[in-house]
Amino acid sequence: MTNKLRNFSLELFPPQTPEGAEKLRAARAQLALLKPRFFSVTFGAGGSTRDRTLDTVLEIQREGHAAAPHLSCIGSTRESIHTILEQYRAHGIRHLVALRGDLPSGMARPGTFRYANELVQFIRIETGAWFHIEVAAYPEVHPQAKSPLDDLLALQRKIEAGADSAITQYFYNFDAYAHFIDECQAVGINVPIVPGIMPISSFSSLARFSDNCGAEIPRWIRKRLEAYGDDTTSIRAFGLDVVTHLCEKLLAQGAPGLHFYTLNQVGLTSTLWQRLGLSAAGAETLP
Ligand SMILES: Cc1cc2nc3c(=O)[nH]c(=O)nc-3n(C[C@H](O)[C@H](O)[C@H](O)COP(=O)(O)OP(=O)(O)OC[C@H]3O[C@@H](n4cnc5c(N)ncnc54)[C@H](O)[C@@H]3O)c2cc1C
């Protein structure tokens, strides 16, 4: 598969303050030069970033780029999701990342939807084929899954409910992704499953985040990152080598694209993009 047929996308989170919004605008101007297929914008569980996600998506659209809002359903009512879908439709947004989300601590009510497949089904009932729907997938297994098979079947239910493609949680084990794709194919999941890529900028935050979301930092990587201590230059240089190699392997083995978790930062994602020669892929992608 040539790069022109693959999906290269960038994930952002909505800013919390006017200063954050200004910084994100500047970062986005740089990231837009990479010509990603789309920018996705995260959504706080329970609707906590609802307006900020919408505002960010609309800004991206006004700047002339494709935007895909994330939409998580935990803690939400049918009515609130309906309202959000109508807003996106009214603004001509046609691409969503549909998620369950995680209940913020202290929020006891799960709301109308228990799992993401129920959200996907609701979106299809409400809006037919209007949206291209992405869902989340977990090559290293979602931390709350009863078993790897249960998790695979949960993904299958999301596809059967009408999802068009999936983006994975980040991982650093190539074999976890390769094995997961084999398992998906064995149960008849044939939609594109785009690897999520997390650049490495610091050890402590990556370790904390990875523990929470169930992504493994392989021992050989963890040991080296730990040993660099506060030497961020070495951490970033080593991280770039590790992640470049992972992405090269993924693309060589036929991954249908890459989705970068930018954390609203330009440097590492841009460098990875250049190293992988993705600029040439440009926006000339699938219809
Ligand atoms: C690409 C990507 C983007 C993300 N963006 C956001 C975001 O913007 N905002 C946000 O809050 N979070 C986001 N997340 C995190 C995500 O919300 C969490 O990982 C959440 O815990 C699970 O969401 P899901 O959509 O995968 O849930 P689901 O697919 O519903 O799965 C959640 C868990 O329930 C299990 N399960 C599913 N169905 C059943 C069932 N019927 N019975 C029992 N168990 C079941 C699954 O195996 C899994 O363990 C993102 C994750 C990824 C990979």
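Note that ligands are numbered from 1 as they come in the structure, with each ligand's atoms numbered from 1 the same way. Start at 1 with the first residue, then count along the sequence.
Between Y170 and F209, the angle of the ring planes stays under 30°, which puts this pair in the parallel group of the 30/60° scheme.
Within 4.0 Å of ligand 1, the residues that place a heavy atom are T42, F43, A45, H70, L99, R100, G101, D102, Y115, A116, A136, Y138, H142, Q144, A145, D151, A154, R157, K158, I167, T168, Q169, Y261, listed by chain and number.
Residues V57 and I93 are in side-chain contact: their nearest non-hydrogen atoms beyond the backbone lie under 4.5 Å apart.
Heavy-atom neighbours of H132 NE2 from other residues, nucleotides or ligands within 6.0 Å: above the threshold of 12.
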Which pairs would a plain distance check flag for residues 173-181, meaning a side-chain donor or acceptor within less than 3.5 Å of a matching protein atom at least two apart in sequence or in another chain?
residue	atom	partner	partner atom	Å
N173	ND2	E140	OE2	2.6
N173	ND2	E216	OE1	2.7
Y177	OH	I193	O	2.7
H179	NE2	E183	OE2	3.4

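Listed by chain and number, the residues in a salt bridge (charged side-chain N to carboxylate O under 4.0 Å, His left out) with E22 are R25 (sequence neighbours excluded). Residues passing the salt bridge (charged side-chain N to carboxylate O under 4.0 Å, His left out) test with R28 are E59, E63, sequence neighbours excluded.
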